[in-house]
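Contents: one structure, followed by commentary.
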Amino acid sequence: MDLTQLRQLQPYLWSFPLRPGEKRAEVLLYGTAPLLASMDDKVLEQIGNVASLPGLAGAAMTMPDAHWGYGFPIGGVAAFDAEQGGVISAGGVGFDISCGIRCLRSNLDLHDATPGLTALADILFRAIPAGVGEEGDIKLNPAQLDQVLQDGAHWAVRQGYGNTADLEYIEERGRVAGAIPDNVSELAKKRQRGEMGTLGSGNHYLEVQVVERIHDEDAASAFGLHEGQIIISIHCGSRGLGHQIGTDYLIMLAKAASRLGLPNRELACAPIKSPEGRQYIGAMNAAINCALANRQILTHLTRIACAKAYPHAELETLFDVSHNTCKVETHEINGKDRLLHVHRKGATRAFGPGHAMLPERYRAVGQPVVIGGSMGTGSYILAGASGNQAFASSSHGAGRAMSRNKASARWQGRELISKLAQQGILIRSRSMRGVAEEAPSAYKDVDLVAEATEQAGLARRVAFLRPKVCIKG
DNA sequence: ATGTTC
């Protein structure tokens with residue numbers, strides 16, 4: 001991205017000034033000069049397009065890990081006011097609806113766990129269905145799937161996957177309101193009937209990590225984290241169902257958008273108050289519940305696998321964040337509280353200290369936020385910051401720096417795996433091409449993303465996690 | 001991300 005097009009407002013905040021004759025809302029970009037310089041110009045074009053959509057509240061924004069996506073950039077945040085003609089966009093949520101990360105803290109430490117890590121890697125690889133189209137042992141009939149879409153992780157706990165203590169630490173406490181299973185196509189449901197409790201592919205993973213560094217002792221203590229502790233993180237979403245909803249509604253919303261005079265098919269959207277808009281929102285909420293249930297089942301499978309390698313192991317849910325959603329929230333703009341539909345695409349909600357929606361245990365320090373790193377580099381746990389000006393949003397990952405095609409042309413999966421093994425990181429995957437696409441060097445530097453996220457006032461770093469075992473799709 | 005062509 002050419003930085004001469006931008007105006008630097010603060011050390012970690014930039015604006016994209018209007019060109020003569022251009023009509024759109026403000027665009028704000030969070031990040032350092034090097035991070036922004038490494039982004040594709042497409043990011044700027046895309047967030048500029050978002051700023052021209054009807055009913056936008058405040059500015060359209062990008063997070064420090066932004067890269068270009070379908071319609072909206074990944075790492076994009078945009079809030080719309082239904083009362084002012086605001087819109088809902090499928091491309092503003094993302095195709096993998098409610099993709100997110102479940103973090104589990106363990107009672108194991110690296111020193112004791114090390115001798116069993118190879119066995120754990122093999123057990124997890126057998127226990128966790130992963131890869132494109134991969135199905136699990138759970139097969140649901142249509143009525144059962146509708147219950148999943150209605151009740152999310154609560155459904156999973158009722159079936160014996162995990163426990164009620166998990167629910168307290170899931171965003172929305174395990175279930176969003178407003179899901180309408182009838183708005184989800186039969187094809188989308190059919191694709192999901194065998195895919196509950198599966199990881200998927202691409203950047204999805206299950207990682208066994210060690211807490212290598214604590215940045216904030218108070219928050220770490222509230223989150224139950226200490227140096228040397230083993231953590232397990234599960235990154236996945238709503239699988240075939242979410243993807244099919246994205247496909248179905250892209251077509252419907254594109255028609256609605258053409259009536260609004262928006263020519264760009266990728267910006268497919270409809271007013272929140274329109275029939276099409278309401279219909280998509282009902283389907284999207286159903287997909288959010290599907291993803292929450294999916295991560296709950298995977299948590300259960302992970303506990304069983306972990307107990308085989310370490311009979312005394314206990315895994316508690318630290319938190320479960322979603323980073324592809326649109327959620328209705330109240331935010332203050334110019335001193336006035338407004339009810340907004342906040343699109344976060346590749347962006348994590350990051351409520352600050354004192355927010356009423358947070359579980360009591362974390363309320364004083366802020367919401368746990370996860371910046372998932374690339375395979376082999378590491379991840380950060382952060383806490384939502386007071387005074388976040390980005391509709392309580394934060395970065396979600398390292399963010400790609402290179403396309404999948406380029407990465408798979410440059411690296412060999414097998415070589416990467418042996419190189420990472422030398423660094424003490426065990427990779428298990430059925431797809432060598434997938435591993436090559438996920439090469440650590442195809443991503444931005446997660447340390448720089450986390451540092452910029454903190455310096456920009458979006459979230460505070462709490463702990464750095466180093467991967468030890470990584471199960472890839 | 002994805003029954004890898006939205």
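Throughout, a chain's letter reflects where its sequence line sits, starting with A, and its residues are numbered from 1.
Nearer to the 5' terminus of DNA chain B, by closest-nucleotide assignment, is the contact made by A/Leu187 (compared with the other of A/Leu187 and A/Tyr70).
Shown for residues 71-79 of chain A: no residue has heavy atoms falling under 4.0 angstrom of DNA chain B. Proximity of residues 130-138 of chain A to DNA chain B (heavy atom under 4.0 angstrom from any strand atom) is restricted to A/Val132, A/Gly133.
Of the N and O atoms on the side chains of A/His396 and A/Asp65, at least one donor lies less than 3.5 Å from an acceptor on the other residue. A donor-acceptor contact closer than 3.5 angstrom links the side chains of A/His323 and A/His235. A donor atom on one side chain and an acceptor atom on the other are not found under 3.5 Å apart for A/Ser185 and A/Gln244. A/Asn183 and A/Tyr280 share no donor-acceptor pair across their side chains, judged by distance under 3.5 Å alone.
Among the protein residues, A/Gly200 comes within range of the sugar-phosphate backbone only, with heavy atoms under 4.0 Å from sugar or phosphate atoms but none that close to a base. Here A/Glu437 lies out of heavy-atom contact (under 4.0 Å) with every strand. Heavy atoms of A/Gly202 sit under 4.0 angstrom from primed sugar atoms or phosphate atoms, though from no base atom.
Taking the six-membered ring for Trp and the full ring otherwise, the centers of A/Tyr169 and A/Tyr362 sit less than 6.0 Å from each other.
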>> Between A/His341 and A/Phe80, does the ring-ring contact (aromatic ring centres under 6.0 Å, His included) criterion hold? Intermediate values first, please.
In response: CA-CA 5 Å; A/His341 281 68; A/Phe80 294 88; 9.0 Å; no

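Of all heavy-atom pairs spanning A/Leu315 and A/Cys306, the tightest one is CD1-CB, 4.0 Å.
Straight-line distance from the NE2 atom of A/His243 to the C1' atom of B/dC6: 6 Å, rounded to whole Å. Atom CD of A/Gln192 and atom P of B/dT2 are 10 Å apart (whole Å). In this structure, A/Ile245 atom CD1 and B/dC6 atom C1' are separated by 14 Å, rounded to whole Å. The CD1-C1' distance, from A/Ile251 to B/dT5, rounds to 12 Å in whole Å.
Taking side-chain N and O atoms only, A/Ser201 has no distance below 4.0 Å to OP1 or OP2 of B/dT4. Between A/Arg265 and B/dC6 there is no side-chain polar atom (N or O) within less than 4.0 angstrom of OP1 or OP2.
With sequence neighbours excluded, the residues forming a side chain to side chain donor-acceptor pair (under 3.5 Å) with A/Asp166 are A/Gln296, A/Arg303, A/Thr317, listed by chain and number.
Contact of the A/Asp41 side chain with the A/Gln5 side chain is registered, since non-hydrogen atoms from C-beta on lie closer than 4.5 Å.
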